[in-house]
Amino acid sequence: MTAHRACGASELEQDTPLRVELDGVAIAIVKDSAGDIHAIGDRCTHGDVSLSEGFVEGDTLECWAHGSRFSLITGQPLNLPAYEPVPVYVVNIDGDDVLIDPTVLKEV
Ligand code: FES
């Protein structure tokens, strides 16, 4: 597998998740308030809910359904009810292109 262009960096609004699907893998891309771009699994580990419809605060993304907040850095849930992490993907930037390989997880 190779990295795909997921979106343009300039398309991302700060603290507004963007849902993309790469090779059938749903990913939430987030530009945080520091300007860093993160890519985590879009499906909450507590239920079949899209995390990209949730709320960004700092370097966390909160599931809108029951309020678990996931670290955008490690994918770990920071509070219940979710207790399993979501995957975190390696993000590469080439010019304005946000490149992600859905088979390559970030080492955390
Ligand atoms: S579905 Fe996400 S916290 Fe319950």
Side-chain angles (χ1 to χ4, degrees):
M1 295 276 187
T2 54
H4 300 277
R5 182 186 184 278
C7 64
S10 58
E11 294 171 38
L12 295 170
E13 288 182 41
Q14 184 181 307
D15 293 343
T16 303
L18 175 70
R19 183 184 188 280
V20 299
E21 209 167 304
L22 301 174
D23 289 341
V25 178
I27 297 173
I29 302 176
V30 176
K31 180 161 75 175
D32 67 19
S33 53
D36 294 327
I37 296 174
H38 308 275
I40 70 173
D42 186 55
R43 186 179 179 277
C44 181
T45 55
H46 180 243
D48 191 13
V49 168
S50 173
L51 290 176
S52 59
E53 295 172 20
F55 315 102
V56 178
E57 190 178 319
D59 58 7
T60 67
L61 178 54
E62 179 180 329
C63 178
W64 59 267
H66 309 110
S68 281
R69 288 185 307 127
F70 292 87
S71 166
L72 293 168
I73 312 285
T74 67
Q76 290 290 337
L78 304 177
N79 58 296
L80 295 170
Y83 58 88
E84 295 202 37
V86 290
V88 180
Y89 300 92
V90 173
V91 175
N92 287 299
I93 308 295
D94 182 12
D96 189 52
D97 293 340
V98 176
L99 302 172
I100 298 169
D101 182 337
T103 66
V104 179
L105 299 180
K106 194 171 129 187
E107 297 204 11
V108 291

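Just follow the structure's listing: the first ligand is 1, and inside any ligand the first atom is 1. One-based numbering along the sequence shown. In this text, all values refer to a predicted model and were calculated from it rather than measured experimentally.
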inquiry  = Pro17 and side chain to side chain contact (heavy atoms under 4.5 Å, CB included): which single residue from Leu72, Leu12, Val30 fits?
reply    = Val30
ask   = To the nearest 0.5 Å, how far apart are CG in Leu51 and CG in Asp42?
value = 6.0 Å
ask   = Are Asp32 and His38 linked by a side-chain donor-acceptor pair shorter than 3.5 Å?
value = yes
task = Anything protein N/O/S under 2.8 Å from atom 2 (Fe) of ligand 1? Just list residue and atom, please.
result = Cys44 SG, Cys63 SG
request  = Could you grab the distance from atom OG1 of Thr2 to atom CD1 of Ile100, nearest 0.5 Å is fine?
outcome  = 13.0 Å
key: Value rounded to 0.5 Å, distance of CD in Glu11 from CG in Asp96   = 7.0 Å
query = Is there a path from Ile29 to Tyr89 through hydrophobic residues (I, L, V, M, F, W, Y) whose side chains come within less than 4.5 Å of each other?
reply = yes
